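All figures in this text were calculated on a predicted structure; none of them were measured in a lab. All heavy atoms count here, side chains included; hydrogens, waters and symmetry mates do not.
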Amino acid sequence: TVPALEGPSRLPPGAHLALRIDMKRVRESPLGPDVTRFLRGVPDWQLILAGSGIDPVADLDRLLVATPNLQRSKLVLAGEHRRDATFARESVKRLARSRGKKVRWKRKHGVPTAPWHNRDRTSRSIALLSSHHFSITRRQDLLRVLALMRARELRDADDEGLVEASGPDALLSMGPDEALALEVEGVHRFVIGSVKHVPARLRVAVRETGSNEATVGVLATYSTPKEAREAASYWTNVATFYSKQLIVSLAGFGKTLRRMDVQAQENRVTVTFKLNADQIRFILSYAEGRLRGSGGATRPRQPRQEW
């Protein structure tokens, strides 16, 4: 089986960032409470889910977040919930009631849909992809989500390193043992400052490899083998430099950076390293603080990209 890191890009057409999280695996891990605090602290979640009664960690087994940039208005959510078949419809009703609205269901593109009366300024709708699968998108993005679902279903899961899945499960499929998988196309769009040695595509996968340990695998794809070799040398030097900084060592990441394995093969660079539970908690806490401080998603340098 080809590791999931080696599979081709599986982003939605026109999207540039896709994050898949195995909520069931997260929920059952020692880091479950930390991830829960992090997600509840993200302002974007509050605007989209507040009033619905949906708790991403407690109620979902799998989650997909996709966007062509970091603007909340373009955000697409899809998930698989673990409750009974009435859960999604009850959430829609609860949200509508909290906003003083009524619910009217209609079929669109072959699936039941209804307005999702979120507190965000962007109008969204929910689509029931099965009795346990749903998506929350702008009305015009539903067709693209359905097309992605069918395209992923037709791909060779074994060749791409994914667990084989069909229907809505294919939309959320990940590699074996992965707790999190992040895929980014057009990485330079999300970088502030120099884009030298920044890859064209990036995939980051986090796998549980112990009760107190996770292995992070990064696959960066460049335009040419020469660019990949130069990038591997550059990022190795960067890791070495920061591993010697006092603040990094005090945070517990010095040894991690020194042990980071960076390899260039053809036009790709792979990076592998391990994190312990305390390091993951530190990253989550730092990310939550940054998100709270910025008031939500940060806009990239080129925010015009559309689905």
Side-chain angles (χ1 to χ4, degrees), residues 4-5 17-46 55-58 60 62-65 67 70 174-175 177-184 187 190-193 197-199 202-220 234-262 269-298 300:
L5 273 176
L17 184 149
L19 173 68
R20 291 180 175 85
I21 307 176
D22 187 330
M23 290 297 193
K24 184 176 186 296
R25 190 179 296 276
V26 169
R27 189 168 55 246
E28 295 173 353
S29 79
L31 292 169
D34 302 278
V35 176
T36 300
R37 280 192 296 272
F38 168 72
L39 289 176
R40 287 176 177 166
V42 177
D44 291 355
W45 288 108
Q46 301 305 316
D55 183 318
V57 178
L60 305 184
R62 193 66 63 90
L63 174 68
L64 164 68
V65 181
T67 175
L70 295 181
M174 300 168 65
D177 302 320
E178 286 183 355
L180 178 150
L182 172 68
E183 300 170 21
V184 186
V187 182
F190 301 91
V191 176
I192 298 174
H197 304 305
V198 171
L202 185 71
R203 187 174 197 272
V204 181
V206 180
R207 295 181 297 110
E208 283 188 296
T209 49
S211 58
N212 193 42
E213 178 188 87
T215 297
V216 181
V218 181
L219 173 65
Y234 172 79
W235 291 116
T236 297
N237 291 335
V238 168
T240 300
F241 172 80
Y242 279 105
S243 71
K244 298 176 181 178
Q245 303 304 303
L246 178 61
I247 188 67
V248 174
S249 296
L250 290 175
F253 290 92
K255 186 181 295 185
T256 298
L257 291 174
R258 288 192 294 274
R259 293 179 176 178
M260 188 176 290
D261 180 45
V262 182
V269 174
T270 59
V271 182
T272 306
F273 57 95
K274 296 183 185 297
L275 294 173
N276 61 41
D278 288 338
Q279 290 173 316
I280 296 172
R281 290 189 180 98
F282 179 89
I283 292 170
L284 287 172
S285 177
Y286 176 78
E288 181 185 353
R290 291 299 300 269
L291 285 168
R292 285 184 182 276
S294 66
T298 303

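- The line from CE of Met23 to OG1 of Thr36 is 8.0 Å long, rounded to the nearest 0.5 Å.
- Qualifying side chain to side chain donor-acceptor pair (under 3.5 Å) partners for Ser249, counting only residues two or more places apart in sequence or in other chains: none.
- Atoms CG and OG1, from Leu219 and Thr272 in turn, are 10.0 Å apart once rounded to the nearest 0.5 Å.
- Partners of Glu28 under the side chain to side chain donor-acceptor pair (under 3.5 Å) rule, at least two apart in sequence or in another chain, are Lys24.
- Across Asn212 and Ala277, no two heavy atoms sit closer than the pair OD1-CB, 2.9 Å.
- In terms of heavy-atom proximity, Lys274 sits nearest to Thr209 at NZ-OG1, 4.3 Å.
- Here Glu183 pairs with Arg20 in a salt bridge; the nearest charged N to carboxylate O distance falls below 4.0 Å.
- Between Asp34 atom CG and Asp278 atom CG the span is 9.5 Å, to the nearest 0.5 Å.
- Distance CD/Glu208 to CG/Leu180: 11.5 Å, rounded to 0.5 Å.
- Nearest heavy atoms, Ile280 versus Ala214: CD1-CB, 3.9 Å.
- Annotation: the span from Thr256 atom OG1 to Leu275 atom CG amounts to 6.0 Å, rounded to 0.5 Å.
- Between Arg258 and Thr240 there is no side-chain heavy-atom pair separated by less than 4.5 Å.
- Under the 4.5 Å side-chain criterion, counting only non-hydrogen atoms from C-beta, Arg25 is in contact with Asp177.
- Here the closest heavy-atom approach between residue Pro56 and residue Leu60 is recorded as O-CB, 3.2 Å.
- Proximity of a side-chain donor or acceptor of Ser285 to a complementary backbone N or O of Arg281 within less than 3.5 Å is not detected.
- In this structure, Arg259 places its CZ atom where only 12 or fewer heavy-atom neighbours from other residues, nucleotides or ligands lie under 6.0 Å away.
- Environment of CD1 in Ile247: sparse, with no more than 12 heavy atoms of neighbouring residues, nucleotides or ligands closer than 6.0 Å.
- Using a 4.5 Å cut-off on side-chain heavy atoms (C-beta onward), Val238 and Tyr234 make contact.
- Within the 4.5 Å cutoff, the side chain of Phe253 has heavy atoms near those of the Gln279 side chain.
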Evaluate Arg203 against Leu182 for side-chain contact (heavy atoms from CB on, under 4.5 Å), listing each step before the verdict. CA-CA 6 Å; Arg203 187 174 197 272; Leu182 172 68; over 6 Å; no

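- His197 and Trp235 make their closest contact through O-NE1, 3.0 Å (heavy atoms, listed as atom of the first residue, atom of the second, distance).
- Nearest heavy atoms, Ser243 versus Gly254: CB-O, 3.5 Å.
- Taken to the nearest 0.5 Å, the CD1 atom of Ile21 stands 8.0 Å off from the CE atom of Met174.
- Partners of Tyr242 by ring pair (Phe, Tyr, Trp, His ring centres under 6.0 Å), not counting sequence neighbours: none found.
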